[in-house]
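First comes the structure, then the notes that go with it.
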Amino acid sequence: MSSKRRVAATVAVLVAIIGLFVVRLVDIQVVRADALSADSLGNRSVENTVYGARGEILDANGVVLAGTVMRYDVQLSPKNAKEFTREVDGEDITVTVADAAAEIGAITGQTGAAIEAIIADALADNPESDFAYVSKQVDVDAFRAIYDLEIPWLTFARNPSRVYPNGAVAGNLVGFVSAEGKAQAGLEIGQDACLASDNGTETYERGADGVRLPESTVTTDAAVDGNDVVTTLDSDLQFFVQQALAQQAQSTGAAWGNVIVQEVKTGKLVAVADYPTVDPNDVSLTEPEDRGSRAFVAPYEPGSTFKALTAASVLDAGLATPNSEVIAPYRYLPANGADVNDSSGHGDLRLTLTGVLIDSSNTGMSKFGELLSDQQRYDYMTKFGVGSVTESGFPAEESGTLHPADEWDNQTAYATMFGQGLTTTALQVSSIYQTIANGGVRMPVQLVSGCRAADGTLTEVPSTEGTQVVSASAARDTADMLEMVYQDGWLANTWEIPGYRVAAKTGTAQMPDGEGGYTKGYLVSVSGFAPADDPQYVVSVSLADPVNMNSSAASAPVFQEVMSQVLKKYRAVPSGAAAPDLSGSW
């Protein structure tokens, strides 16, 4: 072949080769440029979740009952977990994977072998594994210590964690979240719409060695923190009340108990204590049935504290006065076939309505209660809030049981006059006494003042509009009679609060067994308000089955101690006028 032909062939081959390169280059840089670029970025781009912080739960004074602290998840890239060099005192030293694992474990509390096993297990499942957790939610000090190790195949993610700085204070109300931060109970779940945050995402690029490239982080979706829930509670008083309740419950052997402190004029709950209580920082220490607030979720027959409602209803209807008279026998057999007895035997008593309350006579109250029709009494009860959940918004709150009047049997028609044949929660009983103390005006029960945004705006503010349930005069007369109970009743020397007039009533009732019968235990209670001449606060105490003192005398010391503290703390003006002088007998 001539040289010209060889040159021509060579040129043709070169042209063909160059043509192939050109076609390939066009395919890479033009035809598939976007797709290849995206694939390349995907190979080196990492997406992280950026956690928003859950809102705080605060008491009325801004004290944090539930808050968020920053924790950090420690992560690694198994496929990039290799030895590396570290400069120490100007000299490069080699750090093996075993050395690095031991350094990490010394901070997280794990063994080096355990961390090496995390790497090995991940690679066994997937030789190209690029992610595994080392430890979740380490605190700031641990994060800084691990970060300072400068291990190139470690990464970190911020992870806000729930904390409860006051421990068990209001724990049964505040509730708790799961290890994953999901609301589980109490205000945490009831106010989750306000508290919940929205997580965001960020991406960053890293090199072939798995190390994050500086200045490569891009936020794709910003995290949004939750708002704060402001409660009506006073955490200092809450602590005091919980301590007083726990001491008496343990002393009397009570299975459980609760104490409610409520503002008369506003309906705000200043304290709601439960025993046993729960520390939301470690709910495993408390039995599941004791983690909620029985003040809201445990209905019971209120017993004689309910007689104040019947008395107020009869007074409001104009059918009696505090001095109206009855003969109260030990046993009363109404015309409808019911059978009513007092708690202990006695002859016929000549009692006024005031005396019926002082002596807590079931038969005497039945004679006054029957002046109203069943439907009238039912209507009064519903206006007082019996049979309905309150406005508190507490999750899983029970309504209690109040059957319509036309469903009452003969015995129920009378039993409901003195707190049997129906159930209420402790919160409903407190609301009944708030209504009587407030001139007959029932205020919505408040536990939460609202949802507060970062700019201070308060939304979801509850209603403050009251409802006139009974007349002011009927409420005043009932308060005067309750003051005579406090002053002349059998516990007069047990619950005295010097300098203040007090109105209160005790109650004792068998506890339902949930199957239509009753347990052997009793629930003993006291509800009342002070100062009686200008009511400011309601205190309601309940103890379940105090086996060492199974009477209302078990609750009275708690009532006296808590009410004394409330009046002192809020500097209630001492009573200036003398107590009324109402006769209990005729």
Side-chain angles (χ1 to χ4, degrees), residues 36-53 67-161 163 199-223 225:
L36 292 173
S37 178
D39 288 344
S40 175
L41 182 61
N43 289 333
R44 66 177 187 272
S45 179
V46 178
E47 183 176 273
N48 265 347
T49 298
V50 180
Y51 294 95
T68 298
V69 296
M70 193 55 64
R71 295 285 188 258
Y72 296 84
D73 293 339
V74 183
Q75 307 154 167
L76 59 79
S77 171
K79 72 177 183 180
N80 291 304
K82 300 178 177 65
E83 65 179 34
F84 60 95
T85 59
R86 177 189 293 155
E87 185 177 328
V88 179
D89 297 329
E91 180 181 351
D92 287 342
I93 63 170
T94 299
V95 180
T96 66
V97 172
D99 292 336
E103 291 176 339
I104 298 168
I107 299 170
T108 62
Q110 299 162 280
T111 64
I115 294 174
E116 288 187 90
I118 292 172
I119 299 171
D121 290 345
L123 292 175
D125 290 338
N126 177 11
E128 293 299 314
S129 175
D130 202 22
F131 179 88
Y133 281 112
V134 176
S135 183
K136 293 183 178 181
Q137 297 192 9
V138 303
D139 61 27
V140 174
D141 290 339
F143 159 70
R144 288 174 176 166
I146 298 171
Y147 184 84
D148 288 343
L149 295 175
E150 296 183 338
I151 298 172
W153 32 269
L154 286 184
T155 57
F156 306 90
R158 289 159 50 96
N159 193 343
S161 180
V163 293
N199 294 334
T201 56
E202 67 176 17
T203 59
Y204 65 87
E205 296 179 36
R206 62 187 178 192
D209 57 359
V211 178
R212 183 190 293 240
L213 300 178
E215 308 300 327
S216 67
T217 301
V218 176
T219 299
T220 55
D221 290 299
D225 293 340

[X] to [Y] - nearest heavy-atom pair and separation:
X: I119; Y: A81; answer: CD1-CB, 3.9 Å
X: S77; Y: N80; answer: OG-ND2, 2.8 Å
X: A132; Y: A122; answer: CB-CB, 4.4 Å
X: A100; Y: V95; answer: N-CG1, 3.9 Å
X: G52; Y: N199; answer: N-OD1, 3.0 Å
X: T94; Y: D99; answer: O-OD2, 4.4 Å

Supply the atom-to-atom distance [X] [atom1] to [Y] [atom2], rounded to the nearest 0.5 angstrom.
X: T155; Y: L76; atom1: OG1; atom2: CG; value: 7.5 Å
X: Q137; Y: Y72; atom1: CD; atom2: OH; value: 12.5 Å
X: I146; Y: L154; atom1: CD1; atom2: CG; value: 7.5 Å
X: M70; Y: N159; atom1: CE; atom2: CG; value: 8.5 Å
X: K82; Y: T96; atom1: NZ; atom2: OG1; value: 14.0 Å
X: E116; Y: I104; atom1: CD; atom2: CD1; value: 10.0 Å

Exercise for the section: Could you tell me how the ring of F143 sits relative to the ring of Y147: parallel (under 30°), tilted (30 to 60°) or perpendicular (over 60°)? Expected result: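 Tilted: the ring planes of F143 and Y147 meet at 30° to 60°.
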
Practice task
Check whether any side-chain heavy atom of V74 lies under 4.5 Å from a side-chain heavy atom of Y133, and answer yes or no.
Solution key: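 They are not in contact (no side-chain heavy atoms under 4.5 Å apart), so the answer is no.
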
Exercise for the section: Taking R86 for its side chain and I151 for its backbone only, find out whether a donor-acceptor pair lies under 3.5 Å. Expected result: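 No, because the side chain of R86 does not come within donor-acceptor range (under 3.5 Å) of the backbone of I151.
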
Handout entry: Atom CD of E87: over 12 foreign heavy atoms under 6.0 Å
Key =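 Yes - once you tally the heavy atoms of other residues, nucleotides and ligands closer than 6.0 Å, there are more than 12.
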
